[in-house]
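Computed over heavy atoms, backbone and side chain alike; hydrogens, waters and symmetry mates excluded.
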Amino acid sequence: MVVMKMKFPFQKRVKLAQGLWLLSWCATVAGAITFALGCILKMELRKRAEVMDDTGIHIVPNTLMIVGLASLAINYFAGKICQDSLDAGRFPRWKNFLKPYFAISCFFTVLMLLAVIMSYAMKGSLESSLKVGLMNGIRFYKDTDTPGHCFQKQNIDRLQMEFQCCGNSDFRDWFEVQWISNRYLDFSCKEVKDRIKSNVDGRYLVDGVPFSCCNPTSPRPCIQYQLTNNSAHYNYEYQTEELNIHLRGCREALVNYYMGLMNTIGAGVLSVFLLQGSVLVSLRFLQTAMEAVAGKENTEIETEGYLLEKGVKETIMQYIDPVLKVLLLKNQVEEGTATTPGAAPATT
């Protein structure tokens with residue numbers, strides 16, 4: 001059953017070819033933009049790599065870069081095919097090229113749609129990656145003289161100031177780790193000794209936060225230490241006072257930032273996907289309409305174009321069957337190779 005059959009007079013074919021040529025170059029520019037968006041997202045993720053535990057999120061920018069490059073090639077050839085379709089004598093040279101071309105083009109176009117879906121669906125992976133990465137960053141904050149962690153303090157401080165956040169989930173995360181290095185603790189001081197002895201793991205824990213947690217818009221001088229001790233500060237009530245540090249956790253801030261970025265990119269790439277789909281559908285109509293002209297003396301006759309020669313299921317199986325046959329043949333060869341060493345020797 002032919003799907004979406006349409007009649008194409010000569011003038012309609014010419015207009016289709018000319019319009020499709022212009023559309024293909026617009027899609028080429030859109031493909032370049034898709035590649036650029038993938039690069040931007042990749043760089044933004046790499047900027048915060050030290051607070052991310054899992055690099056699986058990079059599948060989104062990697063896919064965008066791949067489909068962006070593929071789109072450049074797909075639409076370049078689409079433009080060439082459109083030019084040759086205006087000359088019935090030159091178009092037949094594309095006949096053997098078009099079937100694999102459409103298969104590859106459809107694959108990368110579907111991959112583009114998957115990239116859009118992933119850009120909206122990666123929130124859970126991003127959040128879990130940041131949860132572990134930020135906790136490790138806070139834990140290694142004090143290790144400024146340890147190889148591999150030398151810049152962790154600098155990275156965390158810059159992160160908290162740039163995104164106006166504090167801690168992983170909130171500022172209380174700093175209460176659970178020793179973020180002041182032993183190099184800067186006076187072990188002859190009774191207070192330091194008592195704090196270390198009161199902790200099972202022998203860590204120096206304080207109800208304080210680094211300076212980068214301070215909110216510069218607060219009218220009150222920043223209170224970094226003894227945040228839960230009302231008597232340590234004048235006119236201060238821990239339970240009711242709006243603290244003059246950032247209350248939002250850095251995980252929430254980064255998830256909101258990256259999801260906003262990916263959602264914006266996803267919307268843009270979805271537009272590119274629709275444009276790319278329009279190019280392929282139009283090119284398919286042009287191809288089938290021009291194939292009816294092949295071998296005819298009068299090239300200005302009315303022809304019929306269609307999207308699929310058979311039903312959707314039959315068309316999909318037409319492309320999948322050769323792949324399945326190759327895989328089946330490969331398995332048979334491997335099984336035969338595996339049984340050969342164990343074969344009994346021939347007797348005479």
Which side chain to side chain donor-acceptor pair (under 3.5 Å) pairs, counting each pair once, include a residue from residues 113-126, with sequence neighbours left out? none
Quick one: does any side-chain atom of Asn168 pair with a main-chain N or O of Lys131 as donor and acceptor, under 3.5 Å? yes
Check the side chains of Asn75 and Trp25 for a donor-acceptor pair under 3.5 angstrom, ignoring hydrogens and angles. no
List for me each residue that meets disulfide (SG to SG under 2.5 Å) alongside Cys222, sequence neighbours excluded, and say none if there are none. Cys214
Under the 3.5 angstrom rule, does the side chain of His233 hit a backbone N or O of Gln226 as a donor-acceptor pair? yes
So CE of Met52 and CG of Leu134: to nearest 0.5 Å the spacing works out to 8.5 Å
Any non-hydrogen side-chain atom of Phe108 less than 4.5 Å from a side-chain atom of Ser71? no
Are Trp94 and Tyr101 an aromatic pair by the rule of ring centers under 6.0 Å? no
Nearest 0.5 angstrom please: Met122 CE to Ile59 CD1, how far? 6.5 Å
Donor-acceptor check, side chain of Asn244 to backbone of Pro221, threshold 3.5 angstrom: yes or no? yes
Take the angle between the ring planes of Phe8 and Phe285 and call it parallel below 30°, perpendicular above 60°, tilted in between. tilted
Under the side chain to side chain contact (heavy atoms under 4.5 Å, CB included) test, residues paired with Gln287 that sit two or more places apart: Phe91, Leu98, Phe102, Arg284, Glu291
